[in-house]
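Naming: A, B, ... by sequence-line order, numbering from 1 per chain. Atoms considered below: every heavy atom in the structure, side chains included; atoms not considered: hydrogens, waters and symmetry mates.
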There are 2 protein chains.
Amino acid sequence: MKKPPPISEATKAAILDAAWRLIAQDGLDNASQARIAEAAGVSRQTIFYAFGSRAGLLTAMLQHMDAQSPEVGRLQALAVSPRTDAALAAEYLDAWLDYLPRIYPVAILLNAAALTDGDARAAIDDRLVGALLSGFTRFFTRLADTGRLRAGVDPAQAALEIWAAVHPSAWRLLVVERGWTAEQFRQSRQTAMQAMLA
Amino acid sequence: MKKPPPISEATKAAILDAAWRLIAQDGLDNASQARIAEAAGVSRQTIFYAFGSRAGLLTAMLQHMDAQSPEVGRLQALAVSPRTDAALAAEYLDAWLDYLPRIYPVAILLNAAALTDGDARAAIDDRLVGALLSGFTRFFTRLADTGRLRAGVDPAQAALEIWAAVHPSAWRLLVVERGWTAEQFRQSRQTAMQAMLA
DNA sequence: CCTCATCATTTAACGGGTGTAAAGTGAAGA
DNA sequence: TCTTCACTTTACACCCGTTAAATGATGAGG
């Protein structure tokens with residue numbers, strides 16, 4: 001196979017912007033590669049050269065959004081904070097929930113694609129979603145080490161429980177499909193997390 | 001459009017059995033309509049005539065599994081039981097968790113398809129998954145009426161929380177992808193539900 | 001100025017998947 | 001023989017993905 005042609009950073013950015021615009025305007029149903037290509041003023045093949053696959057495009061869209069979102073900086077600052085108080089985990093959860101609505105459309109598409117597409121499966125362990133679980137694991141381990149976790153609560157299990165509870169899938173079920181407000185979701189998840197603390 | 005040709009119940013059953021076999025043998029990645037048709041010994045178009053769409057096929061697969069599973073009878077018996085004790089909800093949850101691994105492959109495909117496919121979206125409110133939420137709602141309402149719900153816990157909200165926590169999406173995150181055992185999942189969800197009781 | 005090389009695409013072709021539509025087919029029964 | 005029934009075959013469209021040839025613009029060198 002010949003080496004794929006190079007695609008300029010400007011063209012990549014134009015594609016990513018167009019993709020986000022299209023999803024924002026038209027929703028998830030109509031964001032085909034061809035439509036994204038048209039909106040970006042490039043050929044369909046250019047998208048494949050730029051991002052390798054649809055999963056690659058969706059992943060790059062998440063990263064593109066990362067680069068433009070102050071929430072990500074906040075998440076990262078909290079993740080490396082040396083604090084050990086319980087409020088830290090609550091702040092981390094809040095920061096995530098501020099960001100989630102923004103990336104939700106693309107994150108949930110990628111999550112769905114991961115069921116049958118190995119590339120998407122790999123991308124789903126992308127540093128953002130994977131980083132989220134690590135963040136919670138770190139907090140819960142630290143809370144356990146400082147005696148702030150409820151007796152009988154395993155920190156690794158607790159981290160997984162909260163992670164699953166704030167995953168885009170859960171947001172989809174309760175907010176997108178059942179009509180909860182973001183605030184309801186936040187309170188419900190914060191309450192669940194509080195119940196794990198001593 | 002001409003009226004679609006009739007497809008016999010025997011052919012429909014053969015398709016459904018073949019589809020389940022194929023998914024059991026080969027997993028989610030290789031259950032294309034063409035492969036299912038081949039395995040059932042029918043043409044690809046016959047599947048469309050029988051079930052309308054892929055979402056229709058997936059939905060019919062769930063219903064087909066319903067008809068063959070003792071767990072469904074158990075769920076239905078519990079759903080109409082006049083008991084008001086807390087153990088009833090726990091039994092209902094257990095019955096669901098006994099059934100979930102069996103339908104998981106198809107339920108999760110249908111759930112993913114629902115993101116972008118209106119037919120799948122409609123089918124997702126299929127009586128089995130929709131019935132699950134109604135079941136929990138009923139139990140929690142009854143528990144509240146008899147003073148068995150923890151103070152400050154809204155029965156409708158609690159039902160949604162548990163429903164989301166036992167949805168195939170959650171099973172996917174924790175059991176399929178993170179390697180929890182079914183027992184771990186069960187205990188985690190039962191503990192969460194217990195925490196809502198007085 | 002002309003030619004050539006490089007760069008960043010586009011165009012074209014094809015394949016596998018889902019879906020729509022209509023004509024075709026063979027078996028069975030009246 | 002004709003009709004009905006339960007499919008199959010054929011053709012096409014749109015989607016994502018792979019592959020390779022073609023294209024136009026630009027810059028460097030003679």
Notebook entry, point to check: Is A:Gln33 near enough to D:dG17 that one of its side-chain N or O atoms lies under 4.0 angstrom from OP1 or OP2?
Noted result: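 For D:dG17, OP1 or OP2 has a side-chain N or O of A:Gln33 closer than 4.0 Å.
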Next item on the list: May I ask you to verify if any side-chain N or O of A:Ser8 is less than 4.0 angstrom from the OP1 or OP2 atom of C:dC7?
Entry: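 For A:Ser8, the contact criterion (side-chain N or O under 4.0 Å from OP1 or OP2 of C:dC7) is not met.
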Margin query: Can you work out whether B:Arg35 or A:Thr11 has the more 5'-proximal nearest nucleotide on DNA chain C?
Written below: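 Taking each residue's closest nucleotide, the earlier one in sequence belongs to A:Thr11.
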Next item on the list: By nearest nucleotide on DNA chain C, pick out whichever of B:Ala34 and A:Val42 is the more 5' one.
Entry: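 Residue closer to the 5' terminus by nearest nucleotide: A:Val42.
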Check: Which part of the nucleic acid, if any, lies within contact of B:Gly56, taking any heavy atom under 4.0 Å across all strands shown: a base, the sugar-phosphate backbone alone, or nothing?
Finding: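 No contact at all - B:Gly56 keeps every heavy atom at 4.0 Å or more from the nucleic acid.
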Note to self: What contact category does A:Thr46 fall into here, base, sugar-phosphate, or nothing, at under 4.0 angstrom with non-hydrogen atoms?
What the structure shows: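 The answer is base, as A:Thr46 lies within the cut-off (heavy atoms under 4.0 Å) of a base atom.
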Next item on the list: By nearest nucleotide on DNA chain D, pick out whichever of B:Pro6 and B:Gln45 is the more 5' one.
Entry: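 Its nearest nucleotide lies further toward 5', so the answer is B:Pro6.
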Note to self: Go nucleotide by nucleotide along DNA chain D from the 5' end; which of A:Ala55 and B:Pro5 gets its closest nucleotide reached first?
What the structure shows: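 The 5'-side residue here is B:Pro5.
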Euclidean distance, atom [atom1] of residue [X] to atom [atom2] of [N] [Å, nearest integer]:
{"X": "A:Glu38", "N": "C:dT11", "atom1": "CD", "atom2": "P", "answer": "13 Å"}
{"X": "B:Asp29", "N": "D:dG17", "atom1": "CG", "atom2": "P", "answer": "14 Å"}
{"X": "B:Arg54", "N": "C:dG16", "atom1": "CZ", "atom2": "P", "answer": "17 Å"}
{"X": "A:Ile7", "N": "C:dA8", "atom1": "CD1", "atom2": "P", "answer": "9 Å"}
{"X": "A:Glu9", "N": "C:dC7", "atom1": "CD", "atom2": "P", "answer": "15 Å"}
{"X": "B:Asp117", "N": "C:dT18", "atom1": "CG", "atom2": "C1'", "answer": "10 Å"}
{"X": "B:Asn30", "N": "C:dT18", "atom1": "CG", "atom2": "P", "answer": "11 Å"}
{"X": "A:Phe48", "N": "C:dG15", "atom1": "CZ", "atom2": "P", "answer": "17 Å"}

Check: Counting N and O atoms only, with roles assigned by atom type, does the side chain of B:Trp20 sit under 3.5 Å from a partner on the main chain of B:Met61, one being a donor and the other an acceptor?
Finding: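 A pair under 3.5 Å: yes.
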Margin query: So for B:Arg44 and C:dG19, does any side-chain atom that can act as donor or acceptor lie under 3.5 Å from a complementary atom in the base?
Written below: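 Answer is yes: a donor-acceptor pair is held.
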Does [X] come within less than 4.0 Å of [Y], counting only side-chain N to carboxylate O?
{"X": "B:Glu71", "Y": "B:Arg74", "answer": "no"}
{"X": "B:Glu183", "Y": "B:Arg186", "answer": "yes"}
{"X": "B:Arg35", "Y": "B:Glu38", "answer": "no"}

Next item on the list: Side chain of B:Tyr49 only, please: which of D:dT9, D:dC12, D:dA20 is the nearest?
Entry: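 The answer is D:dT9.
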Check: residues 149-158 of chain B side-chain donor-acceptor pairs under 3.5 Å, at least two apart:
residue: B:Arg150; atom: NH1; partner: B:Ala195; partner atom: O; Å: 2.5
residue: B:Asp154; atom: OD2; partner: B:Ala156; partner atom: N; Å: 3.4
residue: B:Asp154; atom: OD2; partner: B:Gln157; partner atom: N; Å: 2.9
residue: B:Gln157; atom: NE2; partner: B:Glu161; partner atom: OE2; Å: 3.1

